[in-house]
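Bear in mind the structure is a predicted one, so any value in this text is a computation, not a measurement. The figures here come from the full heavy-atom set of this structure, side chains too, leaving out hydrogens, waters and symmetry mates.
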Protein chains: 2
Amino acid sequence: MPLDKTTKRKQSYHHGDLERSLLDAAEIELEENGIERFSLRAVAKRASVSHGAPAHHFGNADGLLTALASRGYGKFIAMQDKRESLASDNPKAKLAASGLGYIDFAIEHPALFRLMFASERTDKANSSLAKAANAAFEKLTEHIEAIQGIDPHTDQFAMADVLACWGIAHGLADLTISQRLGRATFLAGMSDQDRDAFFSDIILRGVSPHAGRHA
Amino acid sequence: MPLDKTTKRKQSYHHGDLERSLLDAAEIELEENGIERFSLRAVAKRASVSHGAPAHHFGNADGLLTALASRGYGKFIAMQDKRESLASDNPKAKLAASGLGYIDFAIEHPALFRLMFASERTDKANSSLAKAANAAFEKLTEHIEAIQGIDPHTDQFAMADVLACWGIAHGLADLTISQRLGRATFLAGMSDQDRDAFFSDIILRGVSPHAGRHA
DNA sequence: GGGGATATCTTGACAGTGTCTAGATAAGCG
DNA sequence: CGCTTATCTAGACACTGTCAAGATATCCCC
């Protein structure tokens, strides 16, 4: 019985691009339920496929989550790039914009953010994931190098700036999605523009004023 | 058959202080397996009690985790206090010490830290938990007030300092237990004392130099 | 084009999970 | 002592992730 092949070829036994479909479904499930209530069978059901299907592509549930985290870094960097492209053309503005993109991503994809940065279910030895995470880190070091004029990999003081800025952006992002910053009531009443300026100021505190200092 | 009543009264049907025993067992299980692999039945087994026993004391698994998080804030604040008591007697040193205690706690109890700050399984409406979390926050605002001479609750610039310092300490703590800071290779080779000084410097960057500025 | 090898997906089974209910046991109190 | 209440056990249920066996489609070489 050849069912409506015209509408969708969904009736096909082979899915075509199930790997992508599963990742899409998993991302939705993740954002809806959070990591702690993530269900592989629910992902399969959402993708209209049997509960055993994901195993062939990802091995197990953690494999799927690892792939999802890896893909997440693409969006993560893209959001930072977008912020940077809108920023004025000086190193500090670019750095602040990058940090705002960091926070943007956390707010828009809180569960994915947690998966990427705080989950034990991802395989950190996975080369694809490690490469993606490293790219995000290198991006930050380049910003600091542009400001301080020296490669943080070779200079301890510049690396301190890297850790400071990273810590600030990450901390603000994590606390924001945990809804911990609501106590600072004035934040809720701020316009987006004011909020960005407020966060930018804080992010730039990570940069040491002792520019170019090194051993 | 009255079994050895002398050694432990464990043979008693009623446990005596099962609530505390369950919390202790849960804390061990949590640190061993992480939140994402936490099992209520494993907790019951560790406490040598039936799988249904926890329900009577905590309602459900999330109730147990909420109580555990609430108790965690006690240790959390205690660790900060210990650091502060060892610090020299000036407001900035106290603030930095408090931040180091923040990081200490995360390193010693990573899973509990994640439960307290990044889990969706705790009931944030729980009054006991909210009160504990608030106490930790107020502690920080007092440090900033001691430095800037104005209550952050009434001054936006002082509150910015609060969020900055909190973000830094939290970000460094979270990234540390995620083992993300290993790339900054020199950190591993540092003595505890040097590492503390390094983190202290970063934490204090959260304090704005424009002291006492206010609208 | 045909046909065997291979990739892909389904199905059923299994142990483990959290929660609910009913019942057993202990403790408290009149 | 006996009734009430608190506490804990035991069994059932639906759901979970993973595994093994089988069904089905696609690929590729003859």
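Distance, A:Lys45 NZ to C:dT10 C1': 15 Å, rounded to whole Å. Per the geometry, NE2 belonging to B:His57 stands 9 Å off C1' belonging to D:dA6, to the nearest Å. Rounded to whole Å, atom C1' of D:dA25 lies 14 Å from atom CG of A:Leu18. The CZ atom of A:Arg37 sits 14 Å away from the P atom of D:dG17 (whole-angstrom rounding). Taking atom NE2 of A:His56 as the reference point, atom C1' of D:dG22 lies 14 Å away to the nearest angstrom.
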Given side-chain hydrogen bond (donor to acceptor under 3.5 Å, both in side chains), test A:Ser119 with B:Glu36 step by step and report yes or no.
CA-CA 8 Å; A:Ser119 175; B:Glu36 290 156 351; 3.0 Å; yes

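With respect to B:Asp161 and A:Arg205, a salt bridge is recorded, a charged nitrogen being found less than 4.0 Å from a carboxylate O. Under the 4.0 Å criterion applied to side-chain N and carboxylate O atoms, A:Asp24 and A:Arg46 are not assigned as salt-bridge partners. Ion pairing between a basic and an acidic side chain is recognised when a charged N comes within 4.0 Å of a carboxylate O; B:Glu32 and B:Arg37 show no such pairing. Salt bridge A:Asp81/A:Lys139: present, at least one basic N to carboxylate O contact under 4.0 Å.
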Pairwise N/O distances under 3.5 Å, protein to nucleotides 18-20 of chain C:
residue : atom : partner : partner atom : Å
C:dG18  : OP1  : B:Leu40 : N            : 2.4
C:dG18  : OP2  : B:Leu40 : N            : 3.2
C:dG18  : OP2  : B:Arg41 : N            : 2.8
C:dG18  : N7   : B:Arg41 : NH1          : 2.4
C:dG18  : O6   : B:Arg41 : NH1          : 3.0
C:dT19  : OP2  : B:Ala61 : N            : 2.9
C:dT19  : O4   : B:Arg41 : NH1          : 3.3

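Paired with B:Tyr102 under the rule ring pair (Phe, Tyr, Trp, His ring centres under 6.0 Å), one option of B:Phe137, B:Phe117, B:Tyr73 passes, and it is B:Phe117.
No more than 12 heavy-atom neighbours from other residues, nucleotides or ligands sit within 6.0 angstrom of NZ on A:Lys131.
Interface residues of residues 26-36 of chain A facing DNA chain C, ordered by number: none; criterion, heavy-atom separation under 4.0 Å.
Counting only heavy atoms from C-beta outward, the side chains of A:Leu40 and A:His51 never approach each other to under 4.5 Å.
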